[in-house]
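Scope of the values below: all heavy atoms of this structure, side chains included, with no hydrogens, waters or symmetry mates. Throughout, protein chains are lettered first and strands after them, A, B, ... in sequence-line order, and every chain is numbered starting at 1.
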There are 2 protein chains.
Amino acid sequence: MVVESEPSTGVLLFLPYRALEDRVFAALAEAGFDDFTPAQARVMQRVGPEGTRLTELAEQAQITKQTAGFLVDQLERAGYVRREPDPTDGRARLVCLADKALAAKEVADSVVAEVEREWEEHLGRRRMKQLREALTLLREITDPWGPGQQETPSGQAGGGSA
Amino acid sequence: MVVESEPSTGVLLFLPYRALEDRVFAALAEAGFDDFTPAQARVMQRVGPEGTRLTELAEQAQITKQTAGFLVDQLERAGYVRREPDPTDGRARLVCLADKALAAKEVADSVVAEVEREWEEHLGRRRMKQLREALTLLREITDPWGPGQQETPSGQAGGGSA
DNA sequence: GACATTGGTCAGTCTCTCTGACTAATTTGG
DNA sequence: CCAAATTAGTCAGAGAGACTGACCAATGTC
């Protein structure tokens with residue numbers, strides 16, 4: 001007779017996140033972008049339009065710089081990113097998105113938009129707006145890379161560890 | 001010039017989820033429960049009060065039964081779960097929570113409650129209620145284990161893959 | 001100019017996850 | 001009631017992702 005108690009807000013947040021991420025990955029695979037893994041995507045997602053340093057990618061993705069380097073190597077080999085010297089610091093290099101990554105991002109963004117439309121249809125305009133408003137506010141106290149100090153939080157879904 | 005565009009709902013969902021999970025893990029570690037990994041926790045979390053079969057755990061955690069078996073082995077060795085024969089099926093065994101797991105769950109639940117209080121304080125009562133309402137509705141179209149058919153969604157945070 | 005800091009790589013290890021092949025108990029269909 | 005199909009779980013092997021520790025090279029500091 002299962003009690004069916006209120007699930008914690010954590011579970012409630014995770015379920016739609018996961019559903020969205022799955023949709024995005026499925027669509028990318030179907031569009032031919034099947035040569036990268038979730039872990040690689042979570043790094044690629046954080047590359048800014050002007051390029052981003054490895055160390056910075058590592059911090060934002062909450063992994064070590066070694067792991068980040070490992071993943072960027074693979075993305076580079078698969079043709080999703082380039083490494084260019086950083087003009088302002090001889091030690092550093094900037095990881096930049098290649099055209100292939102921009103094409104993939106377009107697919108990803110359109111799926112995100114589609115899923116958001118579905119959600120809005122299910123919730124209604126008003127509740128969807130309330131949802132985004134509450135989440136945006138929540139970001140102030142849960143996002144270490146808080147609004148107003150990082151590159152660009154660009155599109156797509158967060159970074160689910162998988 | 002950074003554009004600071006609207007982040008997708010996916011990112012917005014993920015950020016607080018991750019923040020919550022981190023808090024829970026930190027608190028567990030501090031309370032001495034530092035001998036299990038996130039992957040193990042995601043399985044343990046899904047064990048119902050009457051015990052749950054391995055296959056069922058695997059489905060809910062979205063991993064293969066081999067992986068689930070691997071993780072349960074470790075949890076068993078660490079004393080968090082027991083395996084008991086399933087009286088209704090000679091092939092199956094029920095994974096059951098040991099006292100140690102119940103104690104850890106208590107810690108986890110209290111941290112979740114604390115974080116939710118903080119969120120409510122930041123958002124205000126009304127917006128927090130709207131948030132939970134919208135998320136609960138969203139669950140209808142994003143949760144494959146939809147409400148009204150599984151064990152108990154018990155406490156804590158979802159299952160981030162890490 | 002010596003010294004600490006920072007960006008990044010190399011090497012080694014451990015955990016998680018998968019696929020494939022297999023055993024044993026149960027259910028199904030004549 | 002027995003043969004075939006299904007289901008619960010294990011064993012074996014491989015690859016990916018993550019970490020720690022040690023290291024080099026360019027920068028910044030005093």
### Query
Looking for any heavy atom pair under 4.0 Å, which part of the strands does A:T55 touch: base, sugar-phosphate only, or nothing?
sugar-phosphate
### Query
To the nearest angstrom, how far is A:K65 atom NZ from D:dC23 atom C1'?
10 Å
### Query
Once you round it to whole Å, what is the distance between P of D:dA16 and CZ of A:F36?
16 Å
### Message
Other residues, nucleotides and ligands only: do more than 12 of their heavy atoms fall within 6.0 Å of CD on A:E106?
### Response
no
## Note on the structure
Rounded to whole Å, CD of A:E59 lies from P of C:dG8 at a distance of 11 Å
### Query
Has B:Q40 got a side-chain N or O lying under 4.0 Å from the OP1 or OP2 atom of C:dC16?
yes
### Message
Without decimals, in angstroms, what is the distance between B:M44 CE and C:dC16 P?
### Response
12 Å
### Query
If you look at every strand shown and take non-hydrogen atoms under 4.0 Å, does A:Q74 touch a base, only sugar-phosphate, or nothing?
sugar-phosphate
### Task
Considering just the side-chain nitrogens and oxygens of B:T37, establish if one lies under 4.0 Å of OP1 or OP2 belonging to C:dT15.
no
### Summary
Nearest-nucleotide check on DNA chain D, B:L54 vs A:T67; residue mapping nearer the 5' end is B:L54
### Message
Is it the case that the ring center of B:F36 lies less than 6.0 angstrom away from the ring center of B:Y80?
### Response
yes
### Task
Using atom CZ of B:R93 as one end and atom C1' of C:dT26 as the other, report the distance to the nearest whole Å.
17 Å
## Note on the structure
Between CD of A:Q62 and P of D:dA18 the distance, given in whole Å, is 12 Å
### Task
Can you tell me the distance, in whole Å, between the CG atom of B:D73 and the C1' atom of D:dG9?
11 Å
### A:K100 side chain vs A:A78 backbone, donor-acceptor pair below 3.5 Å
yes
### Query
Looking only at side chains, do B:T9 and A:R132 share a donor and an acceptor under 3.5 Å apart?
yes
### Query
Looking at B:R127 and A:E133, does any basic side-chain N land under 4.0 Å from a carboxylate oxygen?
yes
### Query
Rounded to whole angstrom units, what separation is found between the CG atom of B:L57 and the P atom of D:dA8?
12 Å
Please list each protein N or O that sits under 3.5 Å from an N or O in nucleotides 28-30 of chain D, with the distance.
none

### Query
Can you find a side chain N or O atom of A:R83 that sits less than 4.0 Å from OP1 or OP2 on C:dT9?
yes
#### Entry: salt_bridge(B:E120, B:R126) N-O dist < 4.0 Å
no
### Query
Between A:I63 and B:R53, who's closer to the 5' end of DNA chain D by nearest nucleotide?
B:R53
### Message
Taking donor-acceptor contacts at under 3.5 Å, does the side chain of B:Q66 reach the base of C:dG20?
### Response
yes
#### Entry: Residue pair B:R23 / B:E118, side-chain heavy-atom distance below 4.5 Å
yes
### Query
Counting side-chain heavy atoms from C-beta on, which of D:dA8, C:dG8, C:dC16 comes nearest to B:F70?
C:dC16
